[in-house]
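The next block holds one structure in the form of structure tokens; read it before the comments.
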There are 2 protein chains.
Amino acid sequence: MINRPVERLSAPLLADHLHDRLVEAVIFGDLPAEARLVEDSIAEQYGVSRSPVRDVLRKMEAEGLLTREGAKGLNVAPISRRDLDEVYLCRIPLEGIAAAEAAVNRSPDGVEALEAIYARMREAQQAGGVRDYFLANVAFTDAIHAAARNATLVRLLGGLSKQAQRYRYAAYTMFPHLMDLSVEGSRKIVDAIAETDADRARSVTETLIKQSWLTIRDCFHD
Amino acid sequence: MINRPVERLSAPLLADHLHDRLVEAVIFGDLPAEARLVEDSIAEQYGVSRSPVRDVLRKMEAEGLLTREGAKGLNVAPISRRDLDEVYLCRIPLEGIAAAEAAVNRSPDGVEALEAIYARMREAQQAGGVRDYFLANVAFTDAIHAAARNATLVRLLGGLSKQAQRYRYAAYTMFPHLMDLSVEGSRKIVDAIAETDADRARSVTETLIKQSWLTIRDCFHD
DNA sequence: CCGACGCATTTCGCATACCGTATACGAAGC
DNA sequence: GCTTCGTATACGGTATGCGAAATGCGTCGG
């Protein structure tokens, strides 16, 4: 065997670790769009068997990160403006609902968690750490989803948010000023949720995501 | 081996066949809510190995038909009004978008296909065949999704529609008059799409689904 | 020089076997 | 009699091997 394992995975639930690694690799572009993925190669690289790899690849397919090329293997999903538009067409109303539900089911703990993550976002923004900002921003989104207390909604957003994160990370890298827009909008979202104002939470969320969309769109004018 | 296979599956893509069978069983209630599913037993029943069974169960989990009980196995997802509300909260805007996009991307073939399925729905309604009506109605929904020409939207709806179908079938069985409401609303949807009126397509779709929701809700007042 | 057939390779689908863990039941001790 | 510990068992996670379908390439014939 020529290829040494890139990194040996630790014991508990190989598949979960592997999933995280591969998702990261796709979102951050280490695995470029259209890259071919072969079960055997991945298994060999990470020093595991094909079984967990199969599970992971199927899951990532469901998350929209991979596309199946007929009888051949899987590819990293292509990046395109068309795809971006598809994702955001769905994402806008769903994130709006999540914010509205988070406001309806508002809890002191939930708001506190949001404030904490918002603080992380501000710090990263002022430090100019694009990757740190991105990670905090993802956590912020996840916290709102969790606060919505709606398992079905979370499940659906799970099949969309990973796909969206690819575009978001790329956009933050290209247009760091997008962080300003994001911080400003997030402030409004936290306030609306804290005040239990579901309609305003929905509308500021939808507005923010629409604006982000238009900005990101400029990066991918195929 | 004591248990004879319930039914032996044919060759091409065992997993797909198995998936269809199990999804059917859940939607039509042959596998009741909360029923425990064990990989070994399913494999034995259908005369296949655990590998395809695992794939299928994971897929059905993503479709919201099964829930994972921690380290233990999978159960058929519970039926509850709470769950119904969650599903429809997401389904209303997504189906609305699908109808609107179907109108935007209107094609003569697409409209023709919708009309054909609509005719099937009418026939089944007048014959009083609840199951036939249900099947035609599902086909109608799928045709609109396909006509929207949006892979991401189809993927998301795929993670929701199966779950919704459980409630829809149960509701048609209990309230056959729901068919009248459905036929009437579907007529309006086809017309709006045929006229390329996206806004009207969205609004009549959302109205129909909301009305269905309220009707179904009466069946599941936990 | 071009096209068609056939072989080798790639890659996935499915089967089978093993292992670790979590649960439940029974026995032993307090 | 109740609690607790150990063992048996059931189940999912993982490893591995085999076979079939599709693809690409090379060669042979026109």
Side-chain angles (χ1 to χ4, degrees), chain A residues 1-23 25-26 31-32 34-78, chain B residues 1-23 26 31 34-63 65-77:
Chain A
M1 175 190 306
I2 308 298
N3 285 336
R4 202 75 43 75
V6 168
E7 134 189 49
R8 190 154 288 273
L9 298 177
S10 46
L13 273 300
L14 292 180
D16 288 346
H17 286 257
L18 182 60
H19 180 253
D20 292 346
R21 295 270 177 277
L22 286 180
V23 166
V26 171
L31 279 172
E34 317 260 3
R36 185 95 187 262
L37 289 183
V38 176
E39 294 179 1
D40 272 330
S41 314
I42 313 261
E44 196 178 337
Q45 274 190 333
Y46 289 88
V48 299
S49 79
R50 279 178 56 208
S51 307
V53 174
R54 277 178 68 82
D55 288 347
V56 168
L57 293 185
R58 289 204 182 270
K59 189 168 183 186
M60 290 176 68
E61 193 186 349
E63 289 168 339
L65 294 178
L66 307 180
T67 60
R68 190 163 293 269
E69 206 70 25
K72 303 207 302 192
L74 291 145
N75 296 343
V76 176
Chain B
M1 178 189 305
I2 309 296
N3 285 336
R4 202 76 42 75
V6 167
E7 132 189 53
R8 191 154 289 273
L9 298 177
S10 47
L13 273 302
L14 291 182
D16 288 347
H17 286 256
L18 181 60
H19 180 253
D20 292 347
R21 295 270 177 279
L22 286 180
V23 166
V26 171
L31 278 172
E34 317 260 3
R36 180 97 188 269
L37 290 183
V38 176
E39 295 179 359
D40 271 331
S41 314
I42 312 261
E44 195 177 337
Q45 274 190 334
Y46 289 89
V48 299
S49 79
R50 278 178 59 206
S51 308
V53 174
R54 278 178 67 81
D55 288 347
V56 167
L57 294 186
R58 291 211 181 263
K59 189 168 182 185
M60 289 176 68
E61 193 186 350
E63 288 168 339
L65 293 178
L66 306 180
T67 60
R68 188 163 297 267
E69 207 70 23
K72 303 206 299 196
L74 291 147
N75 296 343
V76 175

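Sequence lines set the chain letters: A, B, ... in the order given, protein chains first and strands last, and positions in each chain run from 1.
- Between dG12(D) and R54(B), no contact under 4.0 Å exists linking OP1 or OP2 to a side-chain N or O.
- dG13(D) atom C1' lies 14 Å from atom CG of D55(B), rounded to whole Å.
- Every residue meeting the salt bridge (charged side-chain N to carboxylate O under 4.0 Å, His left out) condition with R54(A), not counting sequence neighbours, appears here in chain and number order: E39(A), D55(B).
- Phosphate contact (OP1/OP2 of dG13(C), side-chain N/O of R68(A), threshold under 4.0 Å): present.
- Between the CD atom of E39(B) and the P atom of dC11(D) there is a distance of 10 Å, rounded to whole Å.
- Remark: R21(A) CZ to I42(A) CD1 distance equals 13.5 Å, nearest 0.5 Å.
- Evaluation of the side chain to side chain contact (heavy atoms under 4.5 Å, CB included) rule for A62(A) yields no partner, not counting sequence neighbours.
- For the pair E69(A) CD and dC12(C) P, the computed distance is 12 Å after rounding to whole Å.
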Pairs under 3.5 Å (N/O, protein and nucleotides 15-20 of chain D):
residue : atom : partner : partner atom : Å
dA15(D) : OP2  : S49(A)  : N            : 2.6
dA15(D) : OP2  : S49(A)  : OG           : 2.6
dA15(D) : O5'  : S49(A)  : OG           : 3.3
dA15(D) : N7   : S51(A)  : OG           : 2.7

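- Taking NZ from K59(A) and CG from L66(A), the interatomic distance works out to 12.5 Å, rounded to the nearest 0.5 Å.
- Atom pair R58(A):CZ and dC14(C):P shows a separation of 8 Å (rounding to whole Å applied).
- We find that CD1 of I42(A) is positioned 17 Å from P of dT10(C), with the value rounded to whole Å.
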Provide a list of protein-nucleic acid N or O atom pairs under 3.5 angstrom, restricted to nucleotides 20-22 of chain C.
none

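- N75(A) CG to L31(A) CG: the interatomic distance, rounded to the nearest 0.5 Å, is 11.0 Å.
- As rounded to whole Å, 12 Å separates atom P of dG12(D) from atom CD of E61(B).
- Here the closest heavy-atom approach between residue R50(A) and residue A43(A) is recorded as N-CB, 4.0 Å.
- In DNA chain C, runs of at least 3 consecutive Watson-Crick or G-U pairs, each pair with both distances below 3.5 Å, span C:1-30 with D:1-30.
- By the side chain to side chain contact (heavy atoms under 4.5 Å, CB included) test, S49(A) is found to be paired with S51(A), P52(A), residues two or more places apart in sequence or in another chain being considered.
- H19(A) has its NE2 atom 15 Å from the P atom of dG13(D), to the nearest Å.
- Using a 4.0 Å heavy-atom cutoff across all strands shown, L37(A) reaches sugar-phosphate atoms only and no base atom.
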For side-chain contact (heavy atoms from CB on, under 4.5 Å), just list the numbers for E69(A) and E34(A), CA-CA rounded to whole Å, side-chain angles, deciding distance to a tenth of an Å, and then say yes or no. CA-CA 10 Å; E69(A) 206 70 25; E34(A) 317 260 3; over 6 Å; no
Give the C-alpha distance, both sets of side-chain angles, the deciding distance and a yes or no for side-chain contact (heavy atoms from CB on, under 4.5 Å) between M60(A) and L74(A). CA-CA 10 Å; M60(A) 290 176 68; L74(A) 291 145; over 6 Å; no
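- Among all heavy-atom pairs drawn from V56(A) and A15(A), the shortest one is CG2-O, 3.2 Å.
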Please walk me through it: do V53(B) and L22(B) pass side-chain contact (heavy atoms from CB on, under 4.5 Å)? CA-CA 10 Å; V53(B) 174; L22(B) 286 180; 5.8 Å; no
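- Taking atom CG of L74(A) as the reference point, atom C1' of dT10(C) lies 15 Å away to the nearest angstrom.
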